[in-house]
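Encoded as structure tokens, the structure appears first; notes follow it.
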Amino acid sequence: MIQLNDLYFEEYISDKQINQSANEVAVKINNDFKDKNPVFLVVLNGAFFFAADIIKRFTGNCELSFIKVASYDGINQSNEITTVMGAEPDLKGREVIIVEDIVDSGNTIEAIIKILKQEQVANYKITTMFYKPKAYSKLFPIDYVGMEIENDFIVGYGLDYKGLGRNLRNVYKLISNKKMKNIVLFGPPGAGKGTQAQMLKNKYNLVHISTGDVFRFNIKNKTELGMLAKSFMDKGDLVPDEVTINMLKNEVEKYPDANGFIFDGFPRTISQAKALDEFLSEKDQKISAMVALEVPEDLLVQRLLNRGKTSGRPDDQDESKIRNRFNEYQTKTAILKDYYQAQNKYYGVNGVGSIEEITQRLSEVFDRF
Ligand code: AMP
């Protein structure tokens, strides 16, 4: 096992197997191109090992060019492709062999092919040392493949994780962290998120983070964060994203050994949801599900006014503040349903009934993860 930055990897493919596959590809390319004076277009940075292995076995004339595009952000493939360094020399009318280290979703290849078409190349072929058929979502054929691999994150033989690992001769794959159960408990103010979170955190041994509770704790203790949040909370407005996101991250970091989290009252805006996804993915974790308590608004107002008689919360005691909280919910928060639905992670649960009945309904969803 090796460690690169904050992650651990185990040996996956030996340099002997890699050499053998590189050799087989080199033989094929040599046969097909030795009389065609091709340009090897090497995709930086990762393909430099593979490119050297096939080009040094090429017996005809050839030229060499490099292109650099960025698509990986840590261990997650992002859809945004940017050209960092363009291809030279002039590729117009040339036979081009694109040399990749790994073909994953195919986004990088797609971007490069687009560039080659603009350059009006005569013909292009694609070769890659590693190919992930289960991740590939494009139609372009990959002409010369060294090895097909599973959908694992790998390093070595030119490939890196946050800059490290390119020099390794063997290929290593990421050892997955234990998977957490991370649930966003969702619903409008008064839906019963806090009550249900208390039941579920014990049942599933999860950490419950209520951003509202953390703010109230800070207000009570007159911290700087509390003073800042109070002015927004008293009116029923949302606290600004930056403040809330940083606070949430700090809370999560307090529990490095957690089995998972119940997020209650967070995220409440799209940018909070995106920040949460990014934050969890840096830890090789993700949101398992958004579980939403669905309750009609009239019932909610009544529940909040009743709660205000005992909770002491200023934002529960005045109908205009309550209406403002609903307004914030409708305009900024409700759309999060679409955000999680698009990822097939939204689960609506009827939030009308006894506490036990609702816990039972929520548990049926929690049990799936
Ligand atoms: P809650 O206890 O979840 O009803 O939250 C009470 C108040 O805390 C909200 O009305 C907001 O002013 C503030 N708050 C709690 N969570 C967030 C969040 N994720 N983003 C912004 N403001 C929040």
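For ligands, and for the atoms within them, numbers begin at 1 and follow the listed sequence. Being a predicted model, the structure only gives us computed values, none of them experimental.
Pairs of residues two or more places apart, or lying in two chains, that qualify as salt bridge (charged side-chain N to carboxylate O under 4.0 Å, His left out) and include a residue from residues 203-221 are Asp213-Arg216.
Ser288 places no side-chain N or O within donor-acceptor distance of the main-chain N or O of Phe369, the cut-off being under 3.5 Å. Between the side chain of Ser281 and the main chain of Asp284, no donor-acceptor pair closer than 3.5 Å is present.
A cation-pi contact links Lys36 to Phe33, judged by a cut-off of 6.0 Å to the six-membered ring centre and 45° from its axis.
Tested against Asp316, the residues Arg325, Lys309, Lys321 include a single salt bridge (Lys or Arg N to Asp or Glu O under 4.0 Å) partner, Arg325.
Here the side chains of Tyr329 and Leu238 are not in contact, with every heavy-atom distance at 4.5 Å or above.
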What does the N/O contact table under 3.5 Å look like for ligand 1?
| residue | atom | partner | partner atom | Å |
| --- | --- | --- | --- | --- |
| ligand 1 | 2 (O) | Arg216 | NH1 | 3.0 |
| ligand 1 | 2 (O) | Arg216 | NH2 | 2.8 |
| ligand 1 | 2 (O) | Arg313 | NH1 | 3.4 |
| ligand 1 | 3 (O) | Arg268 | NH1 | 3.0 |
| ligand 1 | 3 (O) | Arg268 | NH2 | 3.2 |
| ligand 1 | 4 (O) | Arg268 | NH2 | 3.3 |
| ligand 1 | 4 (O) | Arg313 | NH2 | 3.3 |
| ligand 1 | 5 (O) | Arg268 | NH2 | 3.4 |
| ligand 1 | 12 (O) | Asp237 | O | 2.6 |
| ligand 1 | 16 (N) | Thr211 | OG1 | 2.8 |
| ligand 1 | 16 (N) | Gly265 | O | 3.3 |
| ligand 1 | 16 (N) | Arg268 | NH1 | 2.9 |
| ligand 1 | 19 (N) | Gly265 | O | 2.8 |
| ligand 1 | 19 (N) | Gln272 | OE1 | 3.0 |
| ligand 1 | 20 (N) | Gln272 | NE2 | 2.9 |
| ligand 1 | 22 (N) | Val239 | N | 3.0 |

